[in-house]
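For reference, the structure is listed below as structure tokens.
In what follows, chains are A, B, ... by sequence order, proteins preceding strands, each numbered from 1.
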4 protein chains.
Amino acid sequence: MTTAAETEAPRAARPRADALRNRERIVTAAREVFVESGNDVPLDEIARRAGVGNATLYRHFPDRAGLVHEVVVSVIARTCEQAERAAAEEADSFDAVRRFVHAAADERIGALCMMLSGDFDKDHPDLTAGRERLDAAVLDLVERAQSAGRMRSDVTVLDLLLALSQLTRPLPGIQCLNADRFVHRHLQLLLDGFEAPARSELPGEAATLEALRPTP
Amino acid sequence: MTTAAETEAPRAARPRADALRNRERIVTAAREVFVESGNDVPLDEIARRAGVGNATLYRHFPDRAGLVHEVVVSVIARTCEQAERAAAEEADSFDAVRRFVHAAADERIGALCMMLSGDFDKDHPDLTAGRERLDAAVLDLVERAQSAGRMRSDVTVLDLLLALSQLTRPLPGIQCLNADRFVHRHLQLLLDGFEAPARSELPGEAATLEALRPTP
Amino acid sequence: MTTAAETEAPRAARPRADALRNRERIVTAAREVFVESGNDVPLDEIARRAGVGNATLYRHFPDRAGLVHEVVVSVIARTCEQAERAAAEEADSFDAVRRFVHAAADERIGALCMMLSGDFDKDHPDLTAGRERLDAAVLDLVERAQSAGRMRSDVTVLDLLLALSQLTRPLPGIQCLNADRFVHRHLQLLLDGFEAPARSELPGEAATLEALRPTP
Amino acid sequence: MTTAAETEAPRAARPRADALRNRERIVTAAREVFVESGNDVPLDEIARRAGVGNATLYRHFPDRAGLVHEVVVSVIARTCEQAERAAAEEADSFDAVRRFVHAAADERIGALCMMLSGDFDKDHPDLTAGRERLDAAVLDLVERAQSAGRMRSDVTVLDLLLALSQLTRPLPGIQCLNADRFVHRHLQLLLDGFEAPARSELPGEAATLEALRPTP
DNA sequence: TATGAATGAGATTTCATTCAT
DNA sequence: CATGAATGAAATCTCATTCAT
């Protein structure tokens, strides 16, 4: 006879409650620290901020790349959720885009840029899956707005995600209270550019995420 | 009997030709490498790329901060030059803004973001002077375009410079041939936002560079 | 249910036994190596002699100055102990001085000279406290001997400590078995000078440790 | 037909006047800097203090050891001169010892200790010759004083030279105006110990310079 | 399991020595 | 000859990762 908990996770030994809490705290601390201080903070700093010993971090993640991987995946997932919620809850199709953009900024999607620079496995299935899900969710937002004539038809999903990520990328040395306000200002300006009817014809080439792969 | 050269500058020996060439090569290599691989490349890598020994680098720049300082100052100066040239040579006031924005991207103004994160003296007179000159030159561009009704009046110099820097910031891991093309696309989108008559009222607060100072 | 030990000190984990042992071994090795080879030995050499990796040394002492600080403090403390023991255990007051002088030599008090030349914080509270305690202990020895008419009244504590330190200062290049014997010979000669009734009047100025502070 | 100058130094090309002056300035600067800042100052610092380029230093001395060698030899020679002059000019035999001791201190004989630690050839003929001449000169002083019953008979030349060197050794970190006064105070105390009739029998073993040779 | 400690590999910086002007 | 510049080797210090309690 087995308990309900054992039934839900039958393949691995049931993780202890404090272990799960530690794991969560480490990922959260890492996200914050990466945003604040950049990608090259010592892992000891992250462990300290999470309130755990450094070896505990290694129990949960095999190496630095593993931790970065987890943070990236979690940021993508949270951003994805925002995209889906915006699509579901906003009546106007361009308002949905707007809401997503600002929400993604608050989820620190910009930190992804920084972390892509680290040497971790960018072809890991988790990442591919996450990107695909995010692409799909954003594509939904974009297509709806474009079909409704609310967004320029030459703007691609990749344009949106790239520009968004870059504009919200943290400036590790610069911590001041109204930095966020600037970011949202700039996003609004960008969105105004997206909304405007096309004046100058952009090179409307088909843009995909693959286009950004490093050339080997 | 002495030659004219000896008579004219007897006390301060002119710097040697090869030393000047080396200094130039180091700064150039550093600019390239910082853009390619981020702010935390080993100095040995820069020295190697410049074709000099690592100690030569230290003869010219007292430490890493000194080198970053030099690169930052040089990028600012080159960008400034582009602003002044655009103002002088373009007939249309918004075309001047456009030309400056794309030229600044090519001068790697985005690398400034990355380098501002490094720990070097951000209050050095050289930097202050450079920023002031750049601010003035860009203010000239912006005010002309706004007076002519070609640019939204709620866009500030700081908006322009910050968004421009962020959008052109290098993605150290990602080197591919058409990354630049994406950047210029996004700049065009942003400029379209700048050009459009104001639709949503932006919070028109007076924005200055001081606003980005870290809070002490 | 918790054990008594866990109950008594629950908040500050006691330092690990092996860490304490390592710390002790590093300080001991440093004291030896500084005496043997001078103040500018590589820290790697000290770590090797202590049988630990170099980074272990840096875990215990933040930098070279930190290690030198610790060695200086420990030598002062050990010397101090010798002074107090000599005062307590010797019947004759000048014998106590003699015993202290030779014991201080064996504690390598001379190494202090060498280490004072290194660039570490000479105004650290630990050092100030140590010096004061040592001064007090030696002053006790000196005053007793002088009150008993066993020591020249114009010899000050600072004279004793300085001359003692200089005469016992290690000669880093010179390691031979009877170097110590020479040192003790010279100390005896000096003590004979101290014991003799004053013949030539020395400039009896009040001498304090402050007199040796570098002029700013 | 040759000039007188060429006749006097026929084997090597006659050194130019400015070269000689430079050589002298380098040795003087080195002596000062070694006393002030210890044995491990950069050669560039010495060159700067001498007002010459670093390469000029290397033109005169093949390497750092060569420079140290020259300084050591020169200090020994100057000290030797003081010994001979004291012997010649002082009426009282112990006054001659006293005068020599204080003069040697002023010639920075203590710096020899520091430099013996550097890795230079301690068996070079120049050094051996210098030491022998110095030993002879000081032996003359000592024997006269002992024959006249003015100095304890158990004090050897080596005792005198070693104690003198140690007591006058510079403390590189400590530069203050009356440091010299302390040194001379201590020398006086030591001399008083030398002058006193022997009270405690010292271990009168024959002491020679050879006794200090490092054990191989 | 969680932790503080230990470690070697690598980055920054210095300096004795050589080179080119 | 004299010099500023260049250089590699070595020293200091950091950090991702492993070990032992």
Side-chain angles (χ1 to χ4, degrees), chain A residues 13 15-16 18-19 22 40-48 51-67, chain B residues 13-23 40-47 51-67, chain C residues 13-23 26 40-47 50-67, chain D residues 13 15-19 22-23 40-48 51-67:
Chain A
R16 289 184 355 192
D18 58 345
N22 273 345
D40 51 352
V41 282
L43 290 191
D44 282 14
E45 166 80 7
I46 293 173
R48 207 172 45 70
V52 303
N54 60 353
T56 302
L57 195 152
Y58 277 91
R59 176 160 303 274
H60 289 284
F61 307 99
D63 53 9
R64 169 177 265 269
L67 176 59
Chain B
R14 68 197 157 160
R16 273 211 247 154
D18 57 345
L20 278 181
R21 196 174 55 245
N22 273 343
R23 186 185 172 90
D40 51 354
V41 280
L43 292 191
D44 283 15
E45 166 79 9
I46 294 175
V52 303
N54 61 352
T56 301
L57 197 152
Y58 281 91
R59 162 171 291 271
H60 288 284
F61 307 100
D63 52 10
R64 170 178 270 271
L67 176 59
Chain C
R14 68 199 158 159
R16 272 213 247 154
D18 58 346
L20 278 182
R21 195 174 56 246
N22 273 342
R23 188 186 171 89
I26 291 170
D40 49 355
V41 281
L43 292 191
D44 284 12
E45 166 80 9
I46 293 174
V52 302
N54 61 351
T56 300
L57 196 152
Y58 281 94
R59 162 170 290 270
H60 288 284
F61 307 100
D63 52 10
R64 168 178 271 272
L67 176 59
Chain D
R16 287 184 356 192
D18 57 346
N22 274 345
R23 186 185 172 89
D40 50 353
V41 282
L43 291 190
D44 282 14
E45 166 81 7
I46 293 173
R48 206 173 45 69
V52 303
N54 59 353
T56 302
L57 196 153
Y58 277 89
R59 175 160 301 278
H60 288 284
F61 306 100
D63 54 8
R64 169 178 264 270
L67 175 59

So, taking the atom named [atom1] in [X] and the one named [atom2] in [Y], what distance separates them when rounded to the nearest 0.5 Å?
X	Y	atom1	atom2	value
D:Leu57	D:Arg23	CG	CZ	10.5 Å
B:Thr56	B:Asn54	OG1	CG	7.5 Å
C:Leu67	C:Ile46	CG	CD1	5.0 Å

| Stem segments of DNA chain F by first residue number [Watson-Crick or G-U, under 3.5 Å, at least 3] |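 Stems (3+ consecutive pairs) listed as E:2-21 with F:2-21.
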[X] [atom1] to [N] [atom2]: how many Å, rounded?
X	N	atom1	atom2	value
A:Asp40	F:dA16	CG	C1'	13 Å
C:Leu57	F:dC13	CG	P	10 Å
D:Arg23	F:dC1	CZ	P	12 Å
C:Arg59	F:dC19	CZ	C1'	12 Å
D:Arg64	E:dT14	CZ	P	16 Å
C:Phe61	F:dC13	CZ	P	14 Å
C:Leu20	E:dG4	CG	P	15 Å

Using every non-hydrogen atom in the two residues, find where [X] and [Y] come nearest and quote the distance to one decimal.
X	Y	answer
C:Asn22	C:His60	CB-NE2, 4.2 Å
D:Asp40	D:Arg64	C-NH2, 4.2 Å
D:Gly66	D:Pro62	CA-CD, 4.4 Å
C:Ala50	C:Ile26	CB-CA, 3.9 Å
B:Leu43	B:Tyr58	CD1-OH, 3.2 Å

Name the closest nucleotide to the [X] side chain, picking from [options].
X	options	result
B:Ala55	E:dC15, E:dA6, E:dG8	E:dC15
D:Thr56	E:dT13, F:dA6, F:dT3	F:dT3
D:Tyr58	E:dA16, E:dA2, F:dA2	E:dA16
C:Val52	E:dA2, E:dT7, F:dT7	E:dT7

| field | Residue whose nearest DNA chain F nucleotide is more 5′ - A:Pro62 or B:Gly53 | value | B:Gly53
| message | Under 4.0 Å, counting only non-hydrogen atoms across every strand here, what does A:Asp63 touch: a base, just sugar-phosphate, or nothing? | response |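 A:Asp63: backbone/sugar contact only, no base atoms under 4.0 Å.
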| request: Determine the contact category for A:Asn22: base if any of its heavy atoms lies under 4.0 Å from a base atom, sugar-phosphate if only primed atoms, P, OP1 or OP2 are that close, otherwise nothing. | output: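 The residue A:Asn22 makes sugar-phosphate contact but no base contact.
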| remark: Assign each of B:Asn54 and A:Gly51 the nucleotide of DNA chain E bearing its closest heavy atom; nearer the 5' end lies the nucleotide of A:Gly51
| said: Does anything in residues 41-48 of chain A come within less than 4.0 Å of DNA chain E? Heavy atoms only, and list the residues if so. | reply: none
| message | Please confirm whether the shortest side-chain N or O distance from C:His60 to OP1 or OP2 of E:dA6 is below 4.0 Å. | response | yes
